[in-house]
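Beneath this line is the structure, given in structure tokens, with notes to follow.
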Amino acid sequence: MKIQVYNTLTQTKEEFVPRKPGEVSLYVCGVTPYSDTHLGHARPSVIWDVIKKFFRYQGYKTFHVQNFTDVDDKIIQRAKEQGVPALEISQRYIEEYLESMDALGVERADVYPKVSEHMPEIVQLVETLIEKDHAYATQGDVFFHVASFPEYGKLSKQKLDELRQGTRFEVDPSKRDATDFALWKQAKPGEPAWDSPWGEGRPGWHIECSAMSYKYLGTEFDFHGGGNDLIFPHHENEIAQSEAATDEPLARYWVHNGMLNLKDMKMSKSLGNVISVQQLTARYPKELLRFYLLSTHYRSSLEYYEGKIEEVAKGWNRLNDTVLKLQEDLVRANSEQSTDLDQKTLERVAELERGLLEAFSDDFNTAMAIGILFELVREVNTYKHNGGNHLSVLQKAWDVFALYGSDILGVLQLEKSEQEGLVDSLLDLLLELREELRRTKNFALADQIRNQLTDLGITIEDTPQGPRWKV
RNA sequence: GGCGGCAUAGCCAAGUGGUAAGGCAGAGCUCUGCAAAAGCUCCAUUCCCCAGUUCAAAUCUGGGUGCCGCCUCCA
């Protein structure tokens, strides 16, 4: 199956052709670790987690690099406020970020390069750019000369003249051109600094991604990803630096996710309207959070507001419930001669499976995939409602849910924790007693038990196969 | 001002030339000791507005209107 990808560079969907057959290389812009990881960071992480897993399922090997920009003004600022070393701040939030991602079931990247550990590579790249006349040093600073790279603006579709006019802040007088940007910044007293041919200083924003992606992935790697707020200037500048230095394309496909909005406003650290991932993972199962994040196509913007997760949870519960019941049904399925109903359902399930593959192959359309998962829910429930119980059908449906719903999307909660295991046993005991009451028609007491459990947040369902419960 | 994007039912949300997926909410029914769950049926002659292209448009073109993002740190 051919995979179509929307490329920001060409503004069209293109067929994905990897640099090396059977391998997918990707560089996703990570975070500047100076505060708690918020839901806006979770979106690209979860999206790329799904994309990676899908490619893996398609038989590709993946190599994923994600940077931490751990040398940065805001980190330094925070370090000053708290009176601790800047790298201590960044380390703390790197750990917080990784824990948050673990809590969301996001598989880790293969490499997490940090700016602070790649100074030689960065200095080397800046030197190359100076040698090739794409950059110039002033007193202690080094700037990239944008006009030396004729293709500047090709990603963000900006014109140099417009950018010059659009400059709204004071221009550093030592720059040749208002649009030139810093590759290396001279150290100010008391700030973290590294040695360089231009004196003590630190890298400008952008250059680290060029240096580190080159080190780990070389030129023209497959995917470069991040939020669409990074298109300009960050990714535009990365392209300029990298391509000016290597004369090779930086990346083949530029994939940008939409923003997560809060009350029609972008969720952003600087706006102070953030919802931290840890707050959410403490309240909701990771599968539900992923379901919420993946229910909208990755390029669209996504709204968050108080109560949103609860709204989404209703549908998610039905999906999850069906699959959980299916798990139980497999045990007592029959494997005798299959009937017309079995055959028809099996065909329909296979059809939905193809739909899922198509959805993922069409620019990673997780929203459509989730829609198809719900169609499968109805298909399975109707089949069972009509007396279907054949192993081949139930197994097939289970396999499709397990692969797409669980392995790739990670939206199904199929296993219970240890603590839930204990609750499990206790409830089974209680429900067994209640069944005895029901058999002896002591409905008053049976109802009382059920009502009191309901008050505790546990729902009881009396089914022909015996009672079921859920939280 | 420049650039990019979006506008689909009460809400959320797919669909980019062939006659509107899916979820939530709502109505009715079936099943059930009662509930719950599940199933069935119904719920947009219509896709922000106006023109145009076409046998055919939510989908393409032009023009409006509204909203969002970027142009300054941001996923």
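Chain A is the first sequence line, chain B the second, and so forth, proteins listed ahead of strands; every chain is numbered from 1.
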Open item on the list: Mind checking if A/Asn228 touches a base, just sugar-phosphate, or nothing, with heavy atoms under 4.0 Å?
Closed with: sugar-phosphate

- [ ] Determine the interatomic distance between C1' on B/C48 and the same-named atom on B/G5; round to the nearest Å.
- [x] 16 Å

TODO: Determine whether the side chains of A/Asn67 and A/Thr69 contain a donor N or O and an acceptor N or O closer than 3.5 Å.
DONE: yes

Open item on the list: Taking side chain to side chain donor-acceptor pair (under 3.5 Å) as the cut-off, I'd like each qualifying pair that reaches into residues 322-331 of chain A, sequence neighbours left out, listed once.
Closed with: A/Thr322-A/Asn381, A/Glu328-A/Arg468, A/Asp329-A/Lys384

Open item on the list: Using whole Å, what does the distance between atom C1' of nucleotide B/C71 and atom CZ of A/Phe232 come to?
Closed with: 6 Å

TODO: Answer yes or no: does atom NZ of A/Lys344 have more than 12 heavy-atom neighbours from other residues, nucleotides or ligands under 6.0 Å?
DONE: no

Open item on the list: Between A/Arg468 and B/A38, is there a contact of a side-chain N or O with OP1 or OP2 at under 4.0 Å?
Closed with: no

- [ ] Specify the separation, in whole Å, of atom CG of A/Asp462 and atom C1' of B/C34.
- [x] 9 Å

Task: Whole angstrom value for the distance that separates P of B/G22 from CZ of A/Arg318 - done: 11 Å

Task: Whole-angstrom distance between B/U72 and B/C11, as gauged at atom C1' - done: 36 Å

TODO: Please state the C1' separation for the pair B/A9 and B/G15 - nearest whole angstrom.
DONE: 15 Å

Open item on the list: Under 4.0 Å from OP1 or OP2 of B/G39: is there any side-chain N or O of A/Asn381 that close?
Closed with: yes

Task: Span that lies between the C1' atom of B/C12 and that of B/A21, in whole angstrom - done: 14 Å

- [ ] From the options B/A75, B/A35, B/A36, select the nucleotide whose nearest atom is closest to the side chain of A/Thr459.
- [x] B/A36

Task: Selection from B/G69, B/C71, B/A14 that lies nearest to any side-chain heavy atom of A/Pro233 - done: B/C71

- [ ] Return the nearest nucleotide to the side chain of A/Arg450; candidates are B/A35, B/A75, B/G39.
- [x] B/A35

- [ ] Give every residue pair that meets the salt bridge (charged side-chain N to carboxylate O under 4.0 Å, His left out) criterion with at least one member in residues 365-382 of chain A, sequence neighbours excluded.
- [x] A/Arg348-A/Glu375, A/Arg348-A/Glu379

TODO: For A/Gly227 and for A/Thr322, find the nucleotide of RNA chain B with the closest heavy atom, then tell me which residue's nucleotide is more 5'.
DONE: A/Thr322

- [ ] Side chain of A/Met368 only, please: which of B/A75, B/G22, B/A14 is the nearest?
- [x] B/A14

Task: A/Lys384 NZ - B/C31 C1' separation (whole Å) - done: 15 Å

Task: Residues A/Lys175, A/Asp141: salt bridge by 4.0 Å N-O rule - done: no

Open item on the list: Over all strands shown, is A/Phe443 touching base, sugar-phosphate only, or nothing at heavy-atom distances under 4.0 angstrom?
Closed with: base

Task: Nearest-Å distance once atom P is located in both B/U61 and B/U16 - done: 14 Å

Task: Spacing of the C1' atoms in B/A25 and B/A13 (rounded, Å) - done: 14 Å

Task: Nearest-angstrom distance, C1' atom, B/U59 to B/U53 - done: 14 Å

Open item on the list: Can you measure A/Asn237 atom CG to B/C70 atom C1' for me and round it to whole angstrom units?
Closed with: 13 Å

Protein-nucleotides 25-30 of chain B N/O pairs closer than 3.5 Å?
none

Open item on the list: Looking at every non-hydrogen atom in both residues, tell me the closest pair between A/Pro192 and A/Arg202 and how far apart they are.
Closed with: O-CD, 3.8 Å

Open item on the list: Of the listed nucleotides (B/C34, B/G39, B/G4), which one gets closest to any side-chain atom of A/Thr382?
Closed with: B/G39

- [ ] Just need the stems in RNA chain B: three or more back-to-back Watson-Crick or G-U pairs, each with both distances under 3.5 angstrom, sorted by first number.
- [x] B:1-7 with B:65-71, B:10-12 with B:22-24, B:26-30 with B:38-42, B:48-52 with B:60-64

TODO: For A/His297, report the nucleic acid contact type (base, sugar-phosphate, nothing); a contact means any heavy atom under 4.0 Å.
DONE: sugar-phosphate

- [ ] Identify whether any heavy atom of A/Gly315 sits under 4.0 Å from a base atom; if not, whether one sits that close to sugar-phosphate; answer base, sugar-phosphate or nothing.
- [x] sugar-phosphate

Task: Whole angstrom value for the distance that separates P of B/C73 from OH of A/Tyr34 - done: 12 Å

- [ ] Salt-bridge test for A/Arg439 and A/Glu436: reply yes if a basic N is under 4.0 Å from a carboxylate O, no otherwise.
- [x] yes

Open item on the list: By the 4.0 Å heavy-atom rule, please label A/Lys325 as base, sugar-phosphate, or nothing.
Closed with: sugar-phosphate

- [ ] Provide the closest heavy-atom pair for A/Leu26 versus A/Leu217 in the form atom of the first, atom of the second, distance.
- [x] O-CD1, 3.7 Å

- [ ] Describe the nucleic acid contact of A/Gly40 in one word from base, sugar-phosphate, nothing, applying a heavy-atom distance below 4.0 Å.
- [x] base

- [ ] Indicate yes or no for a side-chain donor-acceptor contact from A/Asp342 to the backbone of A/Thr339 under 3.5 Å, with no hydrogens or angles considered.
- [x] yes

Task: A/Asp36-A/Tyr97 side chain donor-acceptor pair, cut-off 3.5 Å - done: no

TODO: Compute whether any side-chain donor of one residue and acceptor of the other, for A/Glu236 and A/Ser156, lie under 3.5 angstrom apart.
DONE: yes

Open item on the list: Looking only at the side chain of A/Pro44 (C-beta and beyond, no hydrogens), which of the listed nucleotides B/A75, B/A14, B/G39 gets closest?
Closed with: B/A75

- [ ] Select base, sugar-phosphate, or nothing to describe what A/Thr454 touches, counting heavy atoms under 4.0 Å on all strands.
- [x] nothing

Task: P atoms of B/C43 and B/C6, separation to the nearest Å - done: 30 Å

Open item on the list: Out of the candidates A/Thr8, A/Asp229, A/Asn228, only one should pair with A/His256 under the side chain to side chain donor-acceptor pair (under 3.5 Å) rule; please name it.
Closed with: A/Thr8

TODO: Mind checking A/Leu230 for me? I need base, sugar-phosphate or nothing, with any heavy atom below 4.0 Å counting as a touch.
DONE: sugar-phosphate

Open item on the list: Enumerate the salt bridge (charged side-chain N to carboxylate O under 4.0 Å, His left out) contacts for residues 307-316 of chain A, please, sequence neighbours excluded, ordered by first and then second residue.
Closed with: A/Arg283-A/Glu310

Open item on the list: Taking 4.0 Å as the cut-off, does a side-chain nitrogen or oxygen of A/Ser300 come that near to OP1 or OP2 on B/A14?
Closed with: yes

- [ ] Report the distance from atom CD of A/Glu375 to atom P of B/G22, rounded to the nearest whole Å.
- [x] 5 Å

Open item on the list: How many whole angstroms separate atom CG of A/Leu294 from atom P of B/A14?
Closed with: 12 Å

Task: Summary of protein contacts for nucleotides 5-12 of chain B, nucleotide by nucleotide, where a base hit scores B, a sugar-phosphate-only hit scores S (4.0 Å, heavy atoms) - done: S------S

TODO: Give the C-alpha distance, both sets of side-chain angles, the deciding distance and a yes or no for side-chain contact (heavy atoms from CB on, under 4.5 Å) between A/Ile94 and A/Gln91.
DONE: CA-CA 5 Å; A/Ile94 285 172; A/Gln91 190 54 39; 4.3 Å; yes

- [ ] Assign A/Gln158 to base, sugar-phosphate, or nothing according to its heavy-atom contacts below 4.0 angstrom with the strands shown.
- [x] base

Open item on the list: Quick check for you: to the nearest 0.5 Å, what is the distance between A/Glu15 atom CD and A/Ser361 atom OG?
Closed with: 11.0 Å

Open item on the list: Judged by each residue's nearest nucleotide on RNA chain B, which is more toward the 5′ side, A/Val377 or A/Ala446?
Closed with: A/Ala446

TODO: Return the nearest nucleotide to the side chain of A/Lys74; candidates are B/A75, B/G39, B/C73.
DONE: B/C73

- [ ] Is it possible for you to check whether A/Lys74 lies under 6.0 Å from the centre of the six-membered ring of A/Tyr34, through NZ or CZ, and within 45° of that ring's axis?
- [x] yes

Open item on the list: What's A/Gly355 touching, base or sugar-phosphate or nothing? Going by heavy atoms closer than 4.0 Å.
Closed with: nothing

